[in-house]
Each structure stands twice: as C-alpha cells, then as structure tokens.
Amino acid sequence: MESAARQDAISMVDLKAQYRTIKPEIDAAIERVVNNTSFIMGPEVTGFEQAFTQVSNACFSVGVASGTAALHLALLACGIGRGDEVITTPFTFFATGEAISQAGATPVFVDIQPDTYNLDPELIERAITPRTKAIMPVHLYGQAAEMDEILDIAKRHNLRVIEDAAQAHAAEYRGRRAGSMSDLACFSFYPSKNLGCYGDGGMVTGNDETLIKRVRKLRDHGRMSKYEHDELGWGYRLDALQAAILGAKLPHLEAWTEARRSHAARYNELLAGSDIVTPAARPYNRHVYHCYVVRTPRRDELAAHLTQAGIGVVIHYPLPLHLQPAYRELGYGPGSLPVSEACAQQVISLPMYPELTDVQIERVTSAVKAFVG
Ligand SMILES: *Cc1c(COP(=O)(O)O)cnc(C)c1O
C-alpha cells in the first residue's frame, strides 16, 4: 500500500528523472575531471564560461561559487559598499537582500506588480535617495522584470543595474536575454535551477570588460599572479567538477526550457475558468518557468489538500524580505509593502520540471480544481 502511494506521488522537482536521461554524458564529464585531477579553474571552467555566453548572450562570463557569490561579487565590482543603498524587491529568495547587506550596503525594498510578482517600476523613483547606487531587479520565477523602465530610471539617476537572473536562464525580454541587459547579471546553478549543477555554482555575466575583470579578480583572492595580491578578494571560484557537469547539461537547456514552457501552457489550458489565478506572462517576455506559480486566498488549505493527494508543492516565498527577523532593524512593519505581503500569503508553486508528463499535469490540475472549483 505504502509503496504504491509513493509511486503515485508527484514531486515538485525530480532531479533523478533528469539524470536518467543524460547519465552517460554526466558520468563521462565527472570521470574526465577526476582523471585529469585538474579540480580548480583550468579548461573546464573557462570552457563552460565561454559556452554559457549562448545562454546569457552577454560578451563575458565569470564562473563563481554560487548565485549568492555572484550577487556579492557583482555589487563589490560596481564599488557598492558601506553607506550605499540598493533598490530591490522584497519578494525573492533571501540571498538577493543578503548579498546587498554583506557588501556593506542597505537594501531598500520596493513593492511588486501584483500580476508578474516582479519589481514595480512605477514605485522605484520615489525610493531613490542621494545614497542610492543601484537597482537590483529579480527575474522572478523565470520571467524578466520590466527592464526598459528600470534601465531608463537608472540612466536618469546615474545608477547601476544588476540583474538577479538566478531563476532566468535563457529567459528573454523584448528579444534580449536575461544576463545581457544590465551592468552585471547573476546566475545560480543550484541543483534545482533551470540549469543546475551537483552542488553549488554560479555565474556573473556582462558586457563591460572593466567590471568583469574586477569580478574575475575578486572571485580569486584579489590575485594578480599566483602569490601576489594587491587587494583582498574572496574564495568564490566555480569548481571544475561543477563546470564539467554544467557543460554536459548545457546542450539540453533549450529543449528543457521549451518543455517547461509547454507544461506551463498545458497547466494554463487545464486551469482556465477555474477559480485560481494562473501566471501572467507578458507577451514581450520569454518566460522560462523556473516555477509555475498560482495564486489563491485559500493557499494554505490548497497546499494541505495537494500534499494529502501526494502532490509536491512549495511556497516561493512565505515571508517577504522586509519582514524577515534578520531585517527587523531596517524598520519595515507589516503593511509597508502590501502587494508583496498579500502574494506571500497567496502564492503556491505547482510541480514543474522538464520531465513532467501530461498525465501528471492532468492529475495536478484535477486536484487543484477539485479544491478551488
Ligand atoms: C537561488 C537564488 C539565489 C541564490 O543562488 P545560490 O546559488 O543558491 O546561492 C539568489 N537569488 C534568487 C532569486 C534565487 O532564486
């Protein structure tokens, strides 16, 4: 009985399903690195950095230890630190705000659009102060933020823009790739991301060679040569083993992205007319559906109902950053960013990964409809 129930369960993501489809390529990549014993930097890392330009469409890429390291390095390379403010969204993974704080700056949280859940460009300008140095939009769930408006505001106020593209590999905004639109952009290869490694990994991309050179130096102890350092940096390198795994996965990213988009279209079709809010993809965006997120005021009951039915769900994210205990000293109270707070109580992510089957999608949507009507 128990094993039958387990077999029926539909998980939120299924990394084993993906590994099964590409096992020979992954195993060969791992064996290559182990045989070479070239574990730090070297050709696997530079090779993957070059290959990744086909995803970001930016001129330069620097492999780093994680998405969080990418954000931290991008801020440092832009010279952002103590006394500076960076405008960002509170409706994101904690690392977005954390990187700003670890760089020594203060995150200034601005509310989001209620349909895309991305930073609301209408609200940015009133948050700008003489200390503001940058805007950090997040391309949440795989859909690019409103970049034209954001870049225009940044230009008028002489601010840097750093994209948090951790969820947006191969996403596009008006034909431009996430990762190519701003001063620097940051990707994560956390295992469950659209392109994920088998541990931690990240990438900084950009078109400004001076900034990229700063990132490259800071990721590796501020090194000028093997044992000569003219400043302090960080131990933020991408492992060669992870680079090799990512290089083996990269040729599949386009097909995986199209699978995600087609699953989202099927979800939309099956949930149409039901009493649940489906994702709002802007017509000028290529949404890559890192998460398929629906919205209902009865979210907690729906989550319990789906869990009961053996369907894996996750809340991205239950507590916006401005209400996190770690940010209490910033002084935002409940009600200060009402759209983010409402979304945090109402969103729920349904199973989404490339190998999901139509039968599974039908089971998920039937269970959702049985609950919401
Ligand atoms: C995953 C993620 C990060 C952090 O990436 P790590 O590789 O886990 O450090 C940062 N921002 C967003 C929006 C993310 O989803």
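Atoms within each ligand, like the ligands themselves, are counted from 1 in listed order.
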In terms of side-chain geometry, is the basic nitrogen of [X] or [Y] positioned less than 4.0 Å from the acidic oxygen of its partner?
{"X": "Arg286", "Y": "Glu254", "value": "yes"}
{"X": "Lys217", "Y": "Asp230", "value": "yes"}
{"X": "Asp208", "Y": "Arg214", "value": "no"}

Q: Return the set of residues passing side chain to side chain donor-acceptor pair (under 3.5 Å) with Lys133 (not counting sequence neighbours), or none when no residue passes.
A: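 Once residues adjacent in sequence are excluded, the partners of Lys133 under the side chain to side chain donor-acceptor pair (under 3.5 Å) criterion are Asp84.
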Nitrogen or oxygen contacts under 3.5 Å, ligand 1 side and protein side:
| unit_1 | atom_1 | unit_2 | atom_2 | d |
| --- | --- | --- | --- | --- |
| ligand 1 | 5 (O) | Ser188 | OG | 3.3 |
| ligand 1 | 7 (O) | Gly67 | N | 2.8 |
| ligand 1 | 7 (O) | Ser188 | OG | 2.6 |
| ligand 1 | 9 (O) | Gly67 | N | 3.3 |
| ligand 1 | 9 (O) | Thr68 | N | 2.8 |
| ligand 1 | 9 (O) | Thr68 | OG1 | 2.5 |
| ligand 1 | 11 (N) | Asp164 | OD1 | 3.4 |
| ligand 1 | 11 (N) | Asp164 | OD2 | 2.8 |
| ligand 1 | 15 (O) | Gln167 | NE2 | 2.8 |
| ligand 1 | 15 (O) | Lys193 | NZ | 3.1 |

Q: Ignoring hydrogens and angles, tell me if any N or O in the side chain of His169 forms a donor-acceptor pair with the backbone of Ser188 under 3.5 Å.
A: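 Checked: pair present.
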Q) What orientation do His290 and His316 show, parallel under 30°, tilted 30 to 60°, or perpendicular over 60°? A)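 Correct class here is tilted.
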